[in-house]
Each structure stands twice: as structure tokens, then as C-alpha cells.
Amino acid sequence: MNKYRTHTCGDLNLKHKGSEIALSGWINKKRDHGNLLFLDLRDNYGLTQCVIDKSNSIFKNLEKLPLETVIKVVGTVVERTKETINKNINTGEIEVLINKVEILGATKELPMPVFSDQEYAEEIRLKYRFLDLRRKKIHQNIILRSKVISFIRSEMQNLGFLEFQTPILTSSSPEGARDFLVPSRLNPGKFYALPQAPQQFKQLIMVSGFDKYFQIAPCFRDEDARADRSPGEFYQLDLEMSFVEQEDVFNIIEKLFVKLFRKFSNKKILNEIFTRITYSDAMLKYGTDKPDLRNPLQISDLTEIFKREDVKFEIFKKLVKSGCIVRCLVTKNTKEKPRSFFDGIDNWAKEQGSSGLAYFTLEKNDKISAKGPVGKFFSEESLKEIMNLSKAETGDTIFLSCGKKVEVEKLLGQARDKIADELKLIDENLFSFCWVVDYPMYELDEISKKIKFSHNPFSMPQGDLKNLDLSDPLNLKAYQYDIVCNGVELSSGAIRNHIPELMYKLFEIAGYSKTDVQQKFSGMINALSYGAPPHGGIAPGIDRIVMLLADEKNIREVTMFPMNQNAQDLMMNAPSSVSDEQLKELNINLKKKN
RNA sequence: GGGGGUGUAGCUCAGUUGGUUAGAGCACGUGCCUGUCACGCACGGGGCCGAGGGUUCGAGUCCCUUCACUCCCGCCA
């Protein structure tokens, strides 16, 4: 028998009544009655109440042990009387009568309590992450994460995918996020980059003939953090398949996700065949390419209304003449809402840096009229047309935004969330998935006015590849897709372009010469020239999936050792300075701070 | 890089129009208590009120600067 324990703190029940056992764990909580002491012992598996009274000579010493001391308890399992059974814990029918105790790990005074449901400042939690991770909620989240990853692994293997590792030290690529760089000692002045994703490698694996690949892959991007975005590093379920079309990828993911979300959450999945929305529809109706479909609010375009003679809203009409657009958001049956509700939304919009949201409520007495600050500008006929375009009815309120397309999309997209939140329109007990499809291949860079890739430059364009019309690149769509759940972007993916000649043409449009492409993407473009299979894939974010399953709003709640917003590890003190010798070896001189 | 929020005991927080010695709960220490499971009761130690400057007879409170954390924008193919 092991010298520390015969059972874990979650094991014991009435079957063990009368047996001599040993448990090891942390003192979770003490209840000291002076001559009788209850002591809850905790380990990864559960909680067991241990009890001792003053007749035992170690009683006095045990009383004084601080919470979170690690001890070994030797004692007898006894049945609790009916009145003292604790139904909240698995071991609640018994308790352990303490005979002997050994201190295995002493503790200093705790900088933060472990036994408490209280929320604590992030700073202290991250500095003492090992204490924080003992706490119930986050401990369970991390266990959930482990189980989710195991489940994904076994499902992927069942689906015929092979798991491979790809290099962590690789080359910097010109597209995408900022790279983390690693100086090379053997190649002075040169740098490795940590992979933003194993993008090129997974395509190379397809060219190598392995047919189906997956990996729980670490990805590194040196960009600023958000609540749902860890600074520095995160994990993707990276997968790639040969001889597939978009539908095949969707099929695999839908199967996997439905199984996964059913297994690890009690929430309902709204649509087991995931809704499909084109990128342009998503931007129009939801103002974002990651719409939360639990939210019933929709956006409609009303630009044409402001070209009518019988609409006198001069500010908007003038803006429309100069090329601006007008779109609206409709809230159902909000005629009884107080003025403060509408003004609150308007003020919020102004805080977002916009000129605000004009609004009116549709009413019907003899005829249809609009009530509200800007209601008087609209004729009955124009209101009927607005109702027709926006599917609004009397009693509904129309919120209007006018401006440049990107600004209107963004503001109304955010307003959709804000208003749904205020009106409590979101069913928190649902998972609502959608595919966003038909992304444009290119977009216009606002600053340089140059054409650039809107997503992955290796995506396959849609259309007849033999006679592809490249004269209007901004209208070219790609086999590029995103999967979104409850407004959280889980993944991007694409059918890849495996035809080198086509790739050169597409890169040329984005301003890369053939030589550029050969240099920057030499590994891949070379490989594609030696018999590459058509292939495609996707890479769902593991952290975000676990975040949804654990019902957390912050990714650090499902990450064991996260960094803070400034990309520092407060526990390990990373990043840190290094010695002059280390720098010298790497041929690096540091610039002095001014 | 920009905007918002927060910063008071080891931890979570209160602190009024600027006004005596800055409070509470948990934790810690001492004592009492034999059936608790957020045990209870009494007493106690513990504070550069994030830092610096200013206004004032007087600043935790008002003003300026700055730092830290956090949320958001930019950024994240």
C-alpha cells in the first residue's frame, strides 16, 4: 500500500464503514467547537469530513493548523447519524474519525483564500495561480478542458484523422498577425518565428499524401489581448483533409461539434445542421461577420427611403447624397418603453464615437405615424415603405444610423448586442451555430487604398478556375468560411488553392511578384508544383470552445497559466531580462531606453 | 497607440457636502464552546487610503501628473 493514502477524498461511503483508512489532502475548512473539531480534507477528487475530539492527544496541535496545510490523516470510517448527513458532497454519509495526522506540506499565511466563491482581482489570481487553480470553479474548468481535448482526440482518430506535430521554430511570414521572433545563434542576424498557425505545414502534410491530419496545435500571435483572446498563445484543433469540397469539411465539423457540445453541456443546440449565412448577408443583417443568432434583432437597409421627396430628414438626405448609407434596427413592440430607454441607447451610441442613433416608434391611429424626435420627418407612405423593407409593425421602434458603410455596419452590429442585452432577448440556454460563407478573396486597404487579401491568401477562389475572371478582384469570392457560435468566432477555414499558376496570379493582384511568392512561401509553392491534391480544412479554437462549454466570458477562466493583458506571466516573471552573455551569443545589441 | 472602469487591512469591500482616533466580513492570533458543514461567541494584532505634486486651517474624499490591473477601439490573413 502507498504510504500517503488508501483512498482519495472523494471515495469513501457507507461500504467502507468501520475500515481503517488513510487520506492525504489539503485542509479545506475547519469548524472548531473547542472540544470537537471538524476538518474538511480536500483533494482533486472530493471532500471528506474528518472529526476529532479532545480525548485524542493531537487535538490541540490539529486545531492550530492553518487552512491549506497538506496533511495525511489516518482514521476510521464511521457512519454519520441521520441528522448530520451532508447531501451536498459524495462522501456526506460518512466521516473519518481521526486517529493520527502527519503534516506533509506546511503553508504560510495565504495571499488569497481557496475556500470561497468570492471573485478576486485578476492580478492576485495570476500571481498565485497555483492557489487559484485549487478553487472549485476553475479547477473544474481545467478538468473540463482536459476532457474536451481527450474527447476531440479520440473522435478525430475515429474519423480517420492522423495526429502529427509540426515545428515550433519556423519562418516568419509576411501575411497576418505580428510574429513572435526567436533569434538564431547559429545564424547571426536571422530569426525564427513561432507559428501563428501550422498553416503551411498542414498543407505540406496533404501534399505528402497523409490524406487526413489533425493536431491540438499551439498558435502564437503577438497581438493585443481581449476577454476572448489570450495574449501570445492559444490552441487550435487544426485539421486538414485531401480531396474534399467545402461540404465535406462542414460535415465533419458539424458531426464533431454536435457530439462535443451535447456531451459537455446541458444547453440546447438550436440548429444541428448549422445555419449558413453569406458574408455579405451577415454584414447587412447583423453588422458583423460573427453574428449571435440567439439575438432576434435584424438590420435592414433604408438608404433608398432618404432619396424620397416626402421624407424631410434633411441631415440624413444630405449625407445619402454624398454617398452615405442608412440602415436601421427594429425592436419589436417597444412603444411602451420610457423615454430614458431610447435616450440611453442614443447616448450609448454617442459614447461609441458615432453621431448617435435617431429613432422613432410606429403608431397607428387613423393612419400610420412615427412618434419620437425625428418622427415628424416621415410621411405615411414612406413609413409604409420602411415597414415593408424592415418588416416592422406598429408598436415597433426603428433605430436609424447614417454614415459610411463600415461605420454603420459596426455601430448597428454593436447596437444589436446592446439592445438585446437591455431587452433581455438572449436565451442563455442555447448554443446557436452558423457558418459564414462566401468571404471575398480581397478587400481594399483603407489607408493605402491597395487591394489586399481579406483572409487567407492560400484560399481557393470560387468560379470556373479555367476561365476565372480576375478583372474585378474585389467581387471575387473565396471558398473561405468561418464557424460562429453565440457570437463567438470559433474558427476560420478554407478550401486551399493547390494550383501554383493560379496562386501566382492571385498574389500578383495583391501586389506580390512571382519572385516575392517564391521567396516568401518557397516551401509551399515548391511543394504544390510536384503533384498536390485538392485539399481544405479548418482550425477551431480550443480555448473558445471550452469557454462556451464552461459558460465563461473570459478565456483566462479556461486557461491554466495565462498571461495578463500586457503579455506578462506574473507567476513566472516572464518576459524577463537576459544576461549580456546570452545576448552576445545571439549577436544582439539592446537599444537603450530614452 | 486611443477611450472607459477600478485601486482603502493578507483577501472582498464600505467610507456622506472636505472635518475628531479610517470601518465591516473573511483570513490571522488568544480564549470559550462535543455535531458542525459559510459553525457560534468574546477579545486582539494588522493601514504610505496605488505613487508624486497641488488647492485648503484641514484631503481617503477636490484638482493635476503618473503607475498598476481590467474592459473596449485600433490590431488579431
Side-chain angles (χ1 to χ4, degrees), chain A residues 28-40 47-56 59 63-68 78 80-89 91-92 95 107-128 131-132 173-179 196-197 199-200 219-232 234 290 348 351-354 407 410-411 414 417-418 439-443 445-447 452-459 478 480 482 489 492-494 510 539 541 553-554 556 564-566 568 570:
Chain A
N28 192 60
K29 188 71 185 160
K30 288 185 298 184
R31 288 173 297 280
D32 188 353
H33 291 236
N35 293 315
L36 177 73
L37 173 68
F38 295 102
L39 189 153
D40 293 337
L47 209 64
T48 303
Q49 174 166 283
C50 303
V51 62
I52 188 169
D53 71 16
K54 64 173 176 185
S55 64
N56 189 318
F59 177 84
E63 241 185 346
K64 300 236 179 302
L65 290 181
L67 300 185
E68 295 305 306
V78 296
R80 294 201 199 186
T81 60
K82 266 199 186 121
E83 315 82 70
T84 61
I85 287 172
N86 184 348
K87 286 181 185 142
N88 299 322
I89 55 176
T91 60
E95 62 193 2
T107 177
K108 299 196 281 188
E109 189 175 341
L110 298 172
M112 63 174 288
V114 171
F115 172 75
S116 168
D117 293 329
Q118 192 103 52
E119 308 242 4
Y120 301 101
E122 200 84 32
E123 195 174 2
I124 195 115
R125 294 183 58 196
L126 293 184
K127 184 164 180 192
Y128 297 96
L131 288 179
D132 191 35
S173 75
E175 287 286 322
R178 198 177 291 112
D179 283 319
Q196 296 181 20
Q199 181 62 40
Q200 295 192 54
C219 303
F220 305 91
R221 296 176 193 177
D222 187 5
E223 298 293 351
D224 289 353
R226 288 288 184 280
D228 66 349
R229 205 164 80 201
S230 289
F234 61 99
K290 44 179 182 175
W348 164 86
E351 280 167 20
Q352 306 306 304
S354 75
E407 289 162 4
K410 198 175 143 203
L411 180 69
Q414 290 174 333
D417 293 337
K418 167 80 181 167
Y439 273 81
M441 190 82 204
Y442 301 100
E443 64 189 16
D445 189 299
E446 284 299 317
I447 301 157
K452 60 173 191 179
F453 288 106
S454 75
H455 273 71
N456 188 325
F458 307 127
S459 299
Q480 162 86 40
D482 273 16
E489 183 194 322
S492 285
K553 298 267 181 286
N554 192 305
R556 291 185 296 272
N564 70 7
Q565 197 164 46
N566 292 325
Q568 298 159 341
L570 298 175

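Quick note on labels: first sequence line is chain A, next is B, and so on, each numbered from 1. Excluded from the calculations below are hydrogen atoms, water molecules and symmetry mates; all remaining heavy atoms, backbone and side chain alike, are included.
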Looking at the base of [N], is there any donor atom on it, or on the side chain of [X], that sits under 3.5 Å from an acceptor on the other one?
X	N	value
A:Arg229	B:rC76	yes
A:Glu95	B:rG35	yes
A:Arg80	B:rC37	yes
A:Glu119	B:rU12	no

Hey, does the side chain of A:Gln196 reach the backbone of A:Ala177 with a donor-acceptor pair shorter than 3.5 angstrom?
->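 Here the side-chain-to-backbone pair exists.
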Strictly below 4.0 Å: does [X] bring a side-chain N or O up to OP1 or OP2 of [N]?
X	N	value
A:Gln565	B:rC71	yes
A:Arg226	B:rC73	yes
A:Asn564	B:rC69	yes
A:Lys29	B:rC26	no
A:Lys410	B:rG74	yes

Could you tell me how far [M] sits from [N] if I compare only their [atom1] atoms? Round to whole Å.
N	M	atom1	answer
B:rA22	B:rU8	C1'	8 Å
B:rG54	B:rG60	P	15 Å
B:rG10	B:rC49	P	12 Å
B:rU34	B:rC43	C1'	23 Å

Range-with-range stems of RNA chain B (Watson-Crick or G-U pairs under 3.5 Å, three or more in a row) |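 Output for stems: B:1-7 with B:67-73, B:10-13 with B:23-26, B:28-32 with B:40-44, B:50-54 with B:62-66.
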Begin from the C-alpha positions of A:Asp445 and A:Lys452 and carry the test salt bridge (charged side-chain N to carboxylate O under 4.0 Å, His left out) through to its verdict.
-> CA-CA 6 Å; A:Asp445 189 299; A:Lys452 60 173 191 179; 3.7 Å; yes
Closest to side chain of [X], choosing from [options]:
X	options	result
A:Ala121	B:rU70, B:rU12, B:rC75	B:rU12
A:Leu67	B:rC71, B:rA27, B:rC69	B:rA27
A:Asp224	B:rC11, B:rG74, B:rC76	B:rG74
A:Arg556	B:rC71, B:rG35, B:rC11	B:rC71
A:Glu109	B:rG35, B:rC73, B:rC28	B:rC28
A:Arg31	B:rC76, B:rC37, B:rC71	B:rC37
A:Asn554	B:rC75, B:rU12, B:rC71	B:rC71

Could you state the CG-P distance from A:Leu65 to B:rG29, rounded to the nearest angstrom?
->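 One finds 10 Å between P of B:rG29 and CG of A:Leu65, rounded.
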Tabulate protein N/O versus nucleotide N/O from nucleotides 31-33 of chain B, keeping only pairs under 3.5 Å, one per line.
residue, atom, partner, partner atom, Å
B:rC33, N1, A:His33, O, 3.3
B:rC33, N3, A:Asp32, O, 3.4
B:rC33, N3, A:His33, O, 3.2
B:rC33, N3, A:Gly34, N, 3.1
B:rC33, N4, A:Gly34, N, 2.8

Applying ring-ring contact (aromatic ring centres under 6.0 Å, His included) between A:Phe453 and each of A:Tyr439, A:Tyr442, A:Phe458, report the one that passes.
->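 Checked A:Tyr439, A:Tyr442, A:Phe458 against A:Phe453; only one passes ring-ring contact (aromatic ring centres under 6.0 Å, His included): A:Tyr442.
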Just checking [X]: base, sugar-phosphate only, or nothing, at a heavy-atom cut-off of under 4.0 Å?
X	result
A:Asn566	sugar-phosphate
A:Gln49	base
A:Pro113	sugar-phosphate
A:Phe38	base

Any ion pair linking A:Arg31 and A:Asp40 (charged N to carboxylate O, less than 4.0 Å)?
->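 A:Arg31 and A:Asp40: salt-bridged.
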Specify the residue among A:Ala197 and A:Leu570 whose closest nucleotide of RNA chain B lies further upstream toward the 5′ end.
->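 Upstream on the strand: A:Leu570.
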Scan nucleotides 2-8 of chain B against the protein and return all N/O pairs shorter than 3.5 Å with their distances rounded to 0.1 Å.
none

NZ/A:Lys127 to CE/A:Met112 distance, rounded to the nearest 0.5 angstrom?
->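 Reported value, rounded in 0.5 Å steps: 13.0 Å.
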